[in-house]
Amino acid sequence: MTIPFVDLRAQYQEIKREIDEAIARVIENSSFILGREVERFERQFAEYTGTRFAIGVSSGTAALQLALMACGIRPGDEVIVPANSFFATAEAVSTAGATPVFVDVDPISRTISADEIRRAISSRTRAVIPVHLYGQPADLDPILALARTHGLVVIEDAAQAHGARYRGRRVGTFGVASCFSFYPGKNLGAYGEGGAVLTDDPEIARRVMMLRDHGSLRKYHHELVGYNFRMEGIQGAVLAVKLRYLDRWNELRRAHAERYKELLSETPLSLPVEMPYAYHVYHLYVVETPERDRLQQALHDAGIQTGIHYPVPIHRQPAYRSLNQKSLPVTETLAARVLSLPMFPELTAEQIAEVARVCRAFFMDRKEGESVVSGARS
């Protein structure tokens, strides 16, 4: 049995008629850049999350950069980010002209904590980006309280958390702005690149709309120097179709995670923990083991695809060598131990059982091998 890490073809087959009709509609009306399909999706996604404005852009990375710039972040400012995230979280800070300051994460939730943020605040700190990693919301209440005390802007990175909830409320509605990615493999994924900035602030929304389109709200009239970060019409049409299925797909992911938990609970693996305040949507199902590389090879040999999110922490990337970052032990330990197992809504019970069987067999073989070595020594 070959088990993919993500199966986008299976998802397409489920909604093929609706997708094909949506793409054909874009071609018929020639709304290839922004246009009515993007506007429809923006309205629907804003309503889904519970925000006033959703502005479609070309990628999640663009969303982060534009949100930072629209919130007034500029050269000389520092922005606190977790080192345990995808590179784009920090990259957007740099492309906005500011300096990322990396902090460690909580070892259980694997997300940024208020305690780590507090220790990193300086006179130059202007913002913090809590990342809702793997589908698990960061613990926002203490972060928001700390930000209010120090006058910091909070921008949520919800690139992996479409539909996740913090204390019953959807993520993306807590910060001054929030950013989503619609990379194809996300819980809500486009058929190409895409992203969105969400906010309740009309001035932030206005600035993001200008910045994404060459500093313009009216064609050939440019109020500032901006970027070509516009969402394509086909992506807006595809996302509007998929949004109707997002909650059901998230429930399937949660059911798969529960089944993994049942089948792997007797192994030495450290399994994901859904925090008491969280509604986890399991964009990724990430386990931990000091034998990560050997387990990954065993799964590969059995035809099972896996991933590592992430093998090199951002603060250890060559691009940020000049910042002379201190050691962040939790993040560095995670980088050496984490392994992402197959996770997508269409994953079958048989596939989950096979992944678990290979994992259990790997640890059983390791245990038996250790017993043989121990007996020989005695």
Side-chain angles (χ1 to χ4, degrees), residues 79-90 100-121 128-147 154 156-161 164-167 171 174 253-254 257-258 260-261 264-296 306-317 320 323 325-341 343 359 363:
V79 179
I80 297 173
V81 301
N84 187 40
S85 181
F86 178 56
F87 185 76
T89 305
V101 175
F102 299 106
V103 299
D104 216 343
V105 294
D106 174 77
I108 305 302
S109 71
R110 303 155 171 169
T111 61
I112 196 170
S113 70
D115 289 340
E116 294 293 336
I117 295 168
R118 183 180 294 107
R119 286 192 281 268
I121 293 173
V128 58
I129 303 179
V131 178
H132 307 308
L133 195 68
Y134 307 151
Q136 171 110 277
D139 191 2
L140 289 169
D141 281 349
I143 294 173
L144 293 167
L146 182 65
V154 175
E156 295 173 72
D157 182 340
Q160 300 182 6
R165 295 196 290 267
Y166 177 77
R167 301 196 185 280
V171 300
F174 292 87
R253 288 174 179 271
R254 288 173 57 81
E258 187 61 31
Y260 268 135
K261 182 179 178 180
L264 296 173
S265 60
E266 299 301 318
T267 71
L269 290 170
S270 295
L271 305 180
V273 176
E274 182 178 52
M275 303 303 286
Y277 50 74
Y279 176 87
H280 199 318
V281 293
Y282 294 98
H283 169 56
L284 298 169
Y285 190 84
V286 181
V287 299
E288 293 178 49
T289 173
E291 299 187 87
R292 188 265 309 281
D293 294 344
R294 287 187 290 269
L295 175 59
Q296 185 177 40
T306 59
I308 299 174
H309 300 84
Y310 298 93
V312 181
I314 308 177
H315 70 295
R316 294 303 188 200
Q317 295 285 354
Y320 285 117
L323 294 183
Q325 290 291 324
K326 63 183 179 181
S327 176
L328 301 174
V330 175
T331 295
E332 290 160 20
T333 298
L334 288 170
R337 292 170 52 97
V338 293
L339 182 66
S340 302
L341 301 181
M343 173 57 77
C359 289
F363 287 110

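The figures that follow rest on heavy atoms only: side chains count, while hydrogens, waters and symmetry mates do not. What you are looking at is a predicted structure, and each value in this text was computed from that prediction instead of being measured.
In this structure the side chain of T306 never reaches within 4.5 angstrom of the side chain of L295, judged on heavy atoms. Two residues are said to be in side-chain contact when any heavy atoms from C-beta on lie closer than 4.5 Å; S340 and Q296 fail this criterion. When side chains are defined from C-beta on, V154 does not count as touching F174, because their heavy atoms never get closer than 4.5 Å. Looking at C359 and L264, their side chains come closer than 4.5 Å, going by heavy atoms from C-beta outward. The closest side-chain heavy-atom distance from L146 to I121 is below 4.5 Å. Side-chain contact check for R253 versus H280: every heavy-atom pair is 4.5 Å or farther apart. With a 4.5 Å cut-off on side-chain heavy atoms, P268 and E291 do not count as touching. Here the side chains of L284 and Q160 are in contact, with some heavy-atom distance below 4.5 Å.
Rounding to the nearest 0.5 Å gives a distance of 10.0 Å between CD1 of I112 and CG of D104. A distance of 11.0 Å separates CD1 in I143 from CD in E116, rounded to the nearest 0.5 Å. Taking CG from D115 and CG from D139, the interatomic distance works out to 10.0 Å, rounded to the nearest 0.5 Å. Here the NE2-OG1 distance, from H315 to T331, works out to 6.5 Å after rounding to the nearest 0.5 Å.
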- request: Determine, stepwise, if the pair V105 / L334 fulfils side-chain contact (heavy atoms from CB on, under 4.5 Å).
  value: CA-CA 10 Å; V105 294; L334 288 170; 4.0 Å; yes
field: Residue pair V103, L328: steps toward the side-chain contact (heavy atoms from CB on, under 4.5 Å) verdict
entry: CA-CA 7 Å; V103 299; L328 301 174; 5.6 Å; no
query: What's the verdict on side-chain contact (heavy atoms from CB on, under 4.5 Å) for L269 and F363, showing C-alpha distance, side-chain angles and the deciding distance?
result: CA-CA 9 Å; L269 290 170; F363 287 110; 3.6 Å; yes
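Checked by atom type and distance alone, the side chain of N84 pairs as donor or acceptor with a backbone atom of R110 at under 3.5 Å. With Y260 contributing its side chain and L341 its backbone, the two residues share no donor-acceptor pair below 3.5 Å. In this structure a side-chain-to-backbone donor-acceptor pair under 3.5 Å is missing from D106 to T111. Judged purely by atom type and a 3.5 angstrom limit, R167 has no side-chain atom pairing as donor or acceptor with the backbone of Y277.
With F87 as reference, Y320 is the one residue of Y310, Y320, F102 to meet the ring-ring contact (aromatic ring centres under 6.0 Å, His included) rule.
Y279 carries R254 over the face of its six-membered ring, with the cationic atom under 6.0 Å from the centre and within 45° of the normal.
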Below 3.5 Å, can you tabulate the donor-acceptor pairs from side chains in residues 128-135 to any protein atom, sequence neighbours excluded?
from, atom 1, to, atom 2, distance (Å)
H132, ND1, A138, N, 3.0
H132, NE2, E156, OE1, 2.9
Y134, OH, H309, O, 2.3

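Between E274 and K261 no salt bridge is recorded (no basic side-chain N to carboxylate O distance below 4.0 Å).
Summarising the geometry of I314 relative to P82, their closest heavy-atom pair is CD1-O, 4.0 Å, with the distance given to 0.1 Å. The minimum heavy-atom distance between S327 and E332, with the atom names listed, is OG-OE1, 3.0 Å.
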